[in-house]
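See below for the structure under consideration.
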Amino acid sequence: MGTAALVLAGAGPVRRAFSAAPSGYPTAPRPPAGADIKEVSLVAKARPQQLLAAPAKQTAVLGYGESSVIRMRHGQWLRARLRNELTEHTTVHWHGIRLPNAMDGVPYLTQDPIFPGKEFAYEFRPPNPGTFFFHPHCDTVTQLGEGLAGVLIVEGDETRPFDADLICLYRDWRIKDDGDFGVLTTDKGAGTSGTFGSFQTVNDQHQPIFKVPANGDIRVRFLNVDMTRLIDLGVENAKAWMIATDGNALEPTPLETWRMGPAMRLDIAFRAPMKAGDRVRLMNYYAAEPIPLAEFEAEGAPLERPDFVPAPLKKPDIPEPKLDGALAFSLRLSAASKPTDLPPDLKLPDGEILRAADSLCLTQHTFWAMNGQTWPSIEERHLPPPLADFAKGGTVVIEVINGTPHPHPIHLHGHTFKVIGSNKGEVLPHFADTTLVKPNERRKIAFVADNPGAWMLHCHIIEHQETGMMGYVRVA
Ligand code: C2O
Ligand code: CU
């Protein structure tokens, strides 16, 4: 069958010809009457911002507006109404939250895209406190690359309050000297370790200085929201402890350095200097010369505090994988057997252009594969079959086998896994939703497949994701 015929023959809205769900999308429970609801409204649009110093002009940064940092209490529901004022469709994916499939924000897999001028309300109750973020899941290279991302903090994991609780959202802008966006992706980048930016910021500022109470207990929630960069996060001038990985409490562990790929988060705790004016530095050691990312400067009279011993966060309520009798699944990361070009865009009778790659907003080429499969399978313009089917309630051990010369941060939706092993040496067992797999590494993660639905499993170097290193698993 010709391409056009395949797409146009379907009844109903043309875009549904790509739908994964002939029987419709999943549904999710609504908040019960009297539920405690945190209501926010997100408006996705460009809001020009002075990122570079003058004479550079303002940059047309995409954002969600005032609610781009959401703080809520554990136990509350979130109702986040998104209004799309972009020029193309979007959705919101709540990265790291174990929510009902219908709220996962993956276009064509869990919902229709939200078209310009349209709205969609996301409603769910985060099962765990922690540090999360949210971002689009379609044409992500453009939308996330131009800034569209927000932070979701679910409070309630502290056993002892901190004197300061800071968010450090890291990214690297692909921006030209005049302030305009530069090239967000190149074939060369997409086919190797990604296209890098040239202006690294924390909370949209280059090397900001945060004031913190002298001798106070400081919590820093660090999020690597860049599409490409790896970071070896460390701290100078104070002894710091890791207290949560991807938002999940970790027995406090001294921080030497922690390698973080895109989408990974690390919560750290340290004691601020005694003397006002003294600084602690947050560093990136994944560079020829270590790069300071941000500084924390003590201010005021020192707080009276006993010697610093970090208090552990409350243990998250995540089912412990049972390795005995677990289902083993291998996930092989490779280059695509041959780079493929997607078929050309289609012009519909009404003049509208339908991008061939729109089923999940791919770029024009395929460079990568998971278990030999790329996305989409070009012959049939449908979602590819799932990478695997998992029985609900069972433990799954995924061995991610990286046969490429590049590291890949692999992310699973809807579940939190435990990193349990690697052929490259010992790993610190920890809960995560994204884990960085080195070249030639075989890394094992385990989780209880307790959340029914179709869940994306992909690399979070967005150019890899959008050029084939993406698939999904089904839990039923
Ligand atoms: Cu943060 Cu499917 O991604
Ligand atoms: Cu990758």
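One-based numbering, in listed order, for ligands and for the atoms of each. We use all heavy atoms of the structure for the numbers below, so side chains are in, but hydrogens, waters and symmetry mates are not.
In this structure, CG in N423 is found 6.0 Å from CD in E441, a value given to the nearest 0.5 Å. Between the CG atom of L99 and the CG atom of L78 there is a distance of 10.0 Å, given to the nearest 0.5 Å.
If you look at H135 and ask which of its N, O or S atoms sits nearest atom 1 (Cu) of ligand 1, the answer is NE2. Distances from the Cu ion (ligand 2) to the N/O/S atoms of H464 are shortest for ND1. Sorting the N, O or S atoms of H408 by how far they are from the Cu ion (ligand 2) puts ND1 first.
Counting non-hydrogen atoms of neighbouring residues, nucleotides and ligands closer than 6.0 angstrom, the CZ atom of R47 exceeds 12 such neighbours.
Between the side chains of T91 and Q111, no donor-acceptor pair is found at a separation under 3.5 Å. Residues T110 and D104 bring no donor and acceptor atom of their side chains to less than 3.5 Å of each other. With no hydrogens or angles considered, no side-chain donor-acceptor pair links E119 and N84 at under 3.5 Å. Between the side chains of T435 and R443, at least one donor N or O lies within less than 3.5 Å of an accepting N or O. Looking at T140 and Q465, their side chains never bring a donor and an acceptor atom within 3.5 Å of each other.
Among the atoms of C459, an N, O or S atom falls under 2.8 Å of the Cu ion (ligand 2). Put simply, H460 stays out of reach of the Cu ion (ligand 2), with no N, O or S atom under 2.8 Å from it.
Around atom 2 (Cu) of ligand 1, the protein N, O or S atoms closer than 2.8 Å are H137 NE2, H413 NE2, H458 NE2, listed by chain and residue number.
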